[in-house]
Protein chains: 2
Amino acid sequence: MLTQRQLELIEAAIKLTATEGIQKLTIRNVASAIGVSEAAVYRHFESKHELLKAILDHLNAILSPHFTTLLNNEVPSFEALHTFLAELFTLLEHNTAFTLMLFAEETFNVDPQLRGDLLTLMEGNLSHLVLFFQKLIESGSCRSDIEARQLAVITFGSIRLTVSRWHLQGAQTSLTNQAAPIANSLITLFRVP
Amino acid sequence: MLTQRQLELIEAAIKLTATEGIQKLTIRNVASAIGVSEAAVYRHFESKHELLKAILDHLNAILSPHFTTLLNNEVPSFEALHTFLAELFTLLEHNTAFTLMLFAEETFNVDPQLRGDLLTLMEGNLSHLVLFFQKLIESGSCRSDIEARQLAVITFGSIRLTVSRWHLQGAQTSLTNQAAPIANSLITLFRVP
DNA sequence: CCTTTGCAAGTTAACGATGACTAACGTACT
DNA sequence: AGTACGTTAGTCATCGTTAACTTGCAAAGG
């Protein structure tokens, strides 16, 4: 279980990454962000690896409920996809750190274990989408000539690209506003003709 | 214009990034990859920034013809999209560096100018796709109830996500084999109903 | 009730690696 | 003679990490 201090460090690290970029995510900077010395961090995390792992877990804990909610609707509908995208984009816009963490594989790529963790997280999200589309196809409102997995990849890919571009542009525009056009396009494409 | 030595350095840098990851892309490593001292690199590039910029340019020079070819077909067709994806994925598979460079924004994110360059590169590719879909819509074979821009984002996003996952998995599977399913799905979705 | 013990959590001050980059110098070819 | 291109040997900053010491508080023992 996480201690209060660990949580504080994780949140400081996320905030730091959001504002300064992932290159600034150093033990030194995290420490000074919460006003303690560098060595103090090591009282709470054995190594930077452990801190990064905890950050991944924490982000996943915030993100995954959204995917679960999408799936848990009694009656699967395109309406659910619409609100899902709107909520997700709002979340991403207000937590810039997500976009930096989840969309910058390189950071975690140095460490093979972290890379695996990130892949697991990603595949988890993706498989939620797959399940959603499977249910939607069964319900008859979604076209069935394309595999659910492909629909999920297309959806997730569109999300990621939109966020990446938004981020590269310096996060100046509104990300939330871009959810609706994408949702509408996907729904138009996926709806049974 | 690039000298022979500069080209050699760029290619060494790309190869290094492909095999060892972008974190290993240091002046030291690039230097020793071509068997010269660290300081020698600075005879050919003023700074690491300049080297990175040259790498971006070089990658773009290889990549952009593929997008141009897609666009330059006399008669735009889904067949062209199919071969474009197949060729692109083969290229990416055999030049792992692309996937690392073009899909890891963070590397270039430290430097505002490089970030801008990367965005330009990306928007350039994307707008080629947009033009392609515009022509395709005009030709009547592509559905017209969705904007060309949206189709381009969906296409490009699907490509990127597939490559990202492939890369996170350690590039073990065949990327080329994944082009056809995606192309088929997109074509089925985009074809006029 | 006071004292002692022990531990959690902080400090300062380093260590060794490694990063980008540079100054001074050598050499070979035009 | 000069220039293009290489070298060695550094500078300086910053990284993750650790050792040694200090402090505050809570439980245990007499």
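Each chain gets a letter, A, B and so on, in the order its sequence line appears, and its residues count up from 1.
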Nearest-nucleotide 5' precedence on DNA chain D, B:Ser37 against A:His49: B:Ser37
Keeping to residues at least two apart or across chains, list the salt bridge (charged side-chain N to carboxylate O under 4.0 Å, His left out) pairs with something in residues 175-188 of chain A. none
Residue pairs fulfilling salt bridge (charged side-chain N to carboxylate O under 4.0 Å, His left out) with at least one residue in residues 166-185 of chain A, sequence neighbours excluded: none
Would you please name every residue forming a side chain to side chain contact (heavy atoms under 4.5 Å, CB included) with A:His49, sequence neighbours left out? A:Ser47, A:Lys53, A:Asp111, A:Gln113, A:Leu114
Identify, residue by residue, the members of residues 38-47 of chain A with a heavy atom below 4.0 Å from DNA chain C, and return them in order of residue number, or none. A:Ala39, A:Ala40, A:Arg43, A:His44
Within the 4.0 Å heavy-atom criterion, would you say B:Arg5 contacts the bases, only the backbone, or no part of the nucleic acid? sugar-phosphate
Restricting to side chain to side chain contact (heavy atoms under 4.5 Å, CB included), what partner residues turn up for A:Phe190, sequence neighbours left out? A:Phe78, A:Phe133, A:Cys142, A:Leu151, A:Ile154, A:Thr155, A:Leu186, B:Leu189
Exercise answer: donor-acceptor pairs, residues 58-73 of chain B side-chain atoms, under 3.5 Å, sequence neighbours excluded:
{"from": "B:Ser64", "atom 1": "OG", "to": "B:Asn60", "atom 2": "O", "distance (Å)": "3.2"}
{"from": "B:Thr68", "atom 1": "OG1", "to": "B:Ser64", "atom 2": "O", "distance (Å)": "2.8"}
{"from": "B:Thr69", "atom 1": "OG1", "to": "B:Pro65", "atom 2": "O", "distance (Å)": "2.7"}

Between which nucleotides of DNA chain C, 5' to 3', does chain A make heavy-atom contacts below 4.0 Å? C:dA9 to C:dT12
Could you tabulate the donor-acceptor pairs under 3.5 Å formed by side-chain atoms of residues 28-41 of chain A, not counting sequence neighbours?
{"from": "A:Arg28", "atom 1": "NH1", "to": "A:Glu38", "atom 2": "OE1", "distance (Å)": "2.6"}
{"from": "A:Arg28", "atom 1": "NH1", "to": "A:Glu38", "atom 2": "OE2", "distance (Å)": "3.2"}
{"from": "A:Asn29", "atom 1": "ND2", "to": "A:Lys24", "atom 2": "O", "distance (Å)": "2.8"}
{"from": "A:Asn29", "atom 1": "ND2", "to": "A:Thr26", "atom 2": "OG1", "distance (Å)": "3.3"}
{"from": "A:Ser32", "atom 1": "OG", "to": "A:Asn29", "atom 2": "O", "distance (Å)": "3.3"}

Would you grab the first and last nucleotide of DNA chain D (5' to 3') that comes under 4.0 Å of any non-hydrogen atom in chain B? D:dC5 to D:dT8
Quick one: list whatever passes side chain to side chain donor-acceptor pair (under 3.5 Å) with A:Arg191, sequence neighbours left out. none
Residue list, side chain to side chain contact (heavy atoms under 4.5 Å, CB included) with A:Thr83, at least two apart or on another chain: A:Glu79
Is there side-chain contact between A:Phe89 and A:Thr162, with heavy atoms separated by less than 4.5 Å? yes
List for me each residue that meets side chain to side chain contact (heavy atoms under 4.5 Å, CB included) alongside A:Gln134, sequence neighbours excluded, and say none if there are none. A:Val130, A:Leu131, A:Ala148
